[in-house]
Amino acid sequence: TSYTPTTALDRNKTYEWKVRAYDGQGGERSSGSFSFTTPNISAPQLLSPVNNALGVSNPAPLTWSVPDTGEQGVRYEVMVSGNGVDWTSAASGLTVSSYTLPTPYDKWTYWKVIATDLYGGNAESDPCRFSVQTSVTYEDGEYWIIKENTVPNSPPFNIIIMGDGFIREDFEFGGAFESEVNEVMDGFFEIEPFRTYKDYFRVIAVSAHSNERGATLLADATTGSKPKAGTKDTKFNSVLKGGSSSNTTADNDLILTYAKKVPGIDDAALNNAAVFLLINIDIFAGTTTTWRYGRSVARTCVDANKTARLIHEGGGHGIGRLKDEYIDYPTQSLPDEDKTQITNYRADRNDPFWFAGNVDITGNREQAHWKHYFTINGYDRVGLYEGSYLYGKGAWKAEPASIMAGSKSTQYFNAPSREAIVRRIAGVTGNTFNFDDYLAKDVNTLPAGIRAKANAVYDQTEPYTHETPEMIDEP
């Protein structure tokens, strides 16, 4: 009543099996079918040089380890790259866990190790990088990988991040620009649903040298460190209204040109990517330009609220294609032209979550596109709350609290907003959105201490003036 195969089974493969019984007199019966999947081999762990090491010797000694799980016949291939995108084989068929790379790249050398065995097992390490130089400066137009997507057989959702008002010395490795990027992106992937789906994203930075730090201010600012009005010579010509305004403008065409310096990013790919711009000035300001068919440029300044602002602008407006939920005009109704735009843009994909997925324009619980939440246990906060998309009447939000109602008050995307974001991620990464799968992963938890105000008028005690995001009705 037991059997052990006499030959080794393939790695990482699903087998089906059943048992057939004979009685020697023509009687025969079979069990039901069962299945099992054999384990893959363990992925190598890169040991030395450590990630981001500087001043590595040339030639460069590389070492890695594999957990001792009794695997037999393992061979290693060392892959290297000068940019983290285009990889070549430096050595293959290795039986030891070390290799000396004879000619590292001049600036950064990215490397990873692929392990295979005799039975079809295949596992790849996470990539690391090092430099033989003792200091590294990213030149104008140079790009580098901040975070790689790690979902097998899934194209990445690209986030391309750059800065304006940063001078050349700010682009040294570990310098001002990279520090700002690491801080905001670490925080970005701490809020749901980006935390759950972070493995689908690849984050690429692009260096853009300005002649002066800062940004052009048309009037003295009353937020942040309250810088004075003045003109600055910056790469993307960022201009801010100043005062208490959150408005920003910049040369979007040039920003997108720099985004296309990343291999694989062209005009079509930009419709399935998000571009973030950090403006090197300490005031509370940020706005997003969104194009009808998917591309976006989210601009935000580097004040104390920069991470939350970037989540609101880049994550909400840019990736989720969401609308603001705060109210600037409490006695007025959402204009008919805005309702028409919402209807027409949603028709592009036949999907109400494709555009303004956090806004309802029916006011009817039977017609609201998020009505499926009304009967799900644990989602009792979801309803229809009049007052959204700047206007007190004619537009409804799903929950009292949301980061789209103001990036200072609530570090939380409401349920329809999370669904809209996950639907976008699925579409870009070649996956089919399944609501049951989404619901099983959804983190429907309000952060402690958030300020939840149903149908609340925009909080005039917060010292800034909202600006409507720019929409461009063309590819």
Side-chain angles (χ1 to χ4, degrees), residues 42-66 75-94 96-116 122-162 171-175 177-179 181-182 185-186 189 198-207 258-265 269 273:
S42 304
Q45 306 295 312
L46 305 189
L47 298 179
S48 178
V50 297
N51 195 33
N52 292 320
L54 299 178
V56 174
S57 60
N58 187 1
L62 312 177
T63 62
W64 60 93
S65 69
V66 174
R75 299 290 187 270
Y76 304 106
E77 183 176 16
V78 177
M79 305 292 293
V80 295
S81 170
N83 55 26
V85 176
D86 304 307
W87 294 88
T88 60
S89 178
S92 61
L94 302 176
V96 295
S97 55
S98 64
Y99 174 70
T100 298
L101 183 65
T103 53
Y105 290 89
D106 290 338
K107 185 169 288 187
W108 288 110
T109 298
Y110 294 78
W111 69 292
K112 61 184 177 181
V113 176
I114 301 172
T116 58
N122 183 295
E124 183 176 304
S125 73
D126 292 330
C128 288
R129 69 176 183 173
F130 66 88
S131 179
V132 296
Q133 301 181 22
T134 56
S135 64
V136 174
T137 297
Y138 300 105
E139 298 302 334
D140 188 79
E142 185 177 350
Y143 66 91
W144 66 101
I145 307 295
I146 298 293
K147 175 196 172 302
E148 189 58 89
N149 67 308
T150 56
V151 178
N153 304 315
S154 178
F157 195 126
N158 289 304
I159 294 175
I160 303 162
I161 187 166
M162 56 192 80
F171 287 95
E172 292 181 358
F173 168 68
F177 175 72
E178 197 163 36
S179 296
V181 169
N182 290 338
M185 294 314 302
D186 285 348
F189 287 111
K198 65 182 178 181
D199 290 346
Y200 288 88
F201 286 89
R202 180 173 66 160
V203 182
I204 312 105
V206 180
S207 176
Y258 267 66
K260 288 187 286 188
K261 293 180 181 293
V262 178
I265 302 299

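Both backbone and side-chain heavy atoms feed into the values below; hydrogens, waters and symmetry mates do not.
When side chains are defined from C-beta on, S131 counts as touching L54, because their heavy atoms get closer than 4.5 Å. Residues P127 and W87 are in side-chain contact: their nearest non-hydrogen atoms beyond the backbone lie under 4.5 Å apart. Using a 4.5 Å cut-off on side-chain heavy atoms (C-beta onward), V203 and I161 make contact. Counting heavy atoms from C-beta outward, Y76 and V96 have side chains that stay 4.5 Å or more apart. Counting heavy atoms from C-beta outward, E142 and F171 have side chains that stay 4.5 Å or more apart. Looking only at side-chain heavy atoms (C-beta outward), W64 and W111 come within less than 4.5 Å of each other. Side-chain atoms of M79 and Y110, non-hydrogen and from C-beta on, never get closer than 4.5 Å to each other. Between N83 and W144, the closest side-chain pair of non-hydrogen atoms is not below 4.5 Å.
Between S57 and V132, the shortest heavy-atom contact is O-CG1, 4.1 Å. Considering every non-hydrogen atom in both A269 and G264, the closest pair reads CB-O, 3.5 Å. Across every non-hydrogen atom of S81 and D86, the tightest pair is OG-O, 2.8 Å. Considering all non-hydrogen atoms of both residues, P61 and P59 come closest at CD-O, 3.5 Å. The shortest heavy-atom contact between A205 and F177 is CB-CE2, 4.3 Å. Pairing each heavy atom of S125 with each of P44, the nearest pair is CB-O, 3.2 Å.
Atom CG in N122 sits 6.5 Å away from atom OG1 in T116 (nearest 0.5 Å). The distance from the OG atom of S154 to the CG atom of D199 is 10.0 Å, given to the nearest 0.5 Å. For the atom pair L94 CG and Y99 OH, the distance stands at 7.5 Å (nearest 0.5 Å). Between the NZ atom in K198 and the CE atom in M185 there is a gap of 11.5 Å [rounded to 0.5 Å]. Rounded to the nearest 0.5 angstrom, I160 CD1 and I204 CD1 are separated by 5.0 Å. Rounding to the nearest 0.5 angstrom, the gap separating the CG atom in L46 from the OG atom in S97 is 11.0 Å.
Within the 3.5 Å criterion, the main-chain N or O of A43 finds a donor-acceptor partner in the side chain of Q45. With N58 contributing its side chain and T103 its backbone, the two residues share no donor-acceptor pair below 3.5 Å. Looking at T134, its side chain never comes within 3.5 Å of a backbone N or O of G55 through a donor-acceptor pair. A donor-acceptor pair is defined here as one N or O able to donate and one able to accept, closer than 3.5 Å; such a pair exists between the side chain of S207 and the backbone of Y138. Between the K107 side chain and the T137 main chain, a donor and an acceptor come within less than 3.5 Å of each other.
Taking the six-membered ring for Trp and the full ring otherwise, W108 and F130 have centroids separated by 6.0 Å or more. Within the 6.0 Å centre-distance limit, the rings of F157 and F201 are counted as a close aromatic pair.
Under a cut-off of 6.0 angstrom, the local environment of CG in D106 is sparse, with at most 12 non-hydrogen atoms contributed by other residues, nucleotides or ligands.
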From CA spacing to verdict: side-chain contact (heavy atoms from CB on, under 4.5 Å), N149, Y200: CA-CA 5 Å; N149 67 308; Y200 288 88; 5.7 Å; no
task: In sequence, state the C-alpha distance, the side-chain angles, and the governing distance for I145 and R202, and then conclude on side-chain contact (heavy atoms from CB on, under 4.5 Å).
output: CA-CA 8 Å; I145 307 295; R202 180 173 66 160; 4.2 Å; yes
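Taking the ring axis of F189 as reference, the NZ or CZ atom of K147 stays within 45° of it and closer than 6.0 Å to the ring centre.
Using a 3.5 Å distance cut-off with no hydrogens or angles, the side chains of N51 and R129 do not pair a donor with an acceptor.
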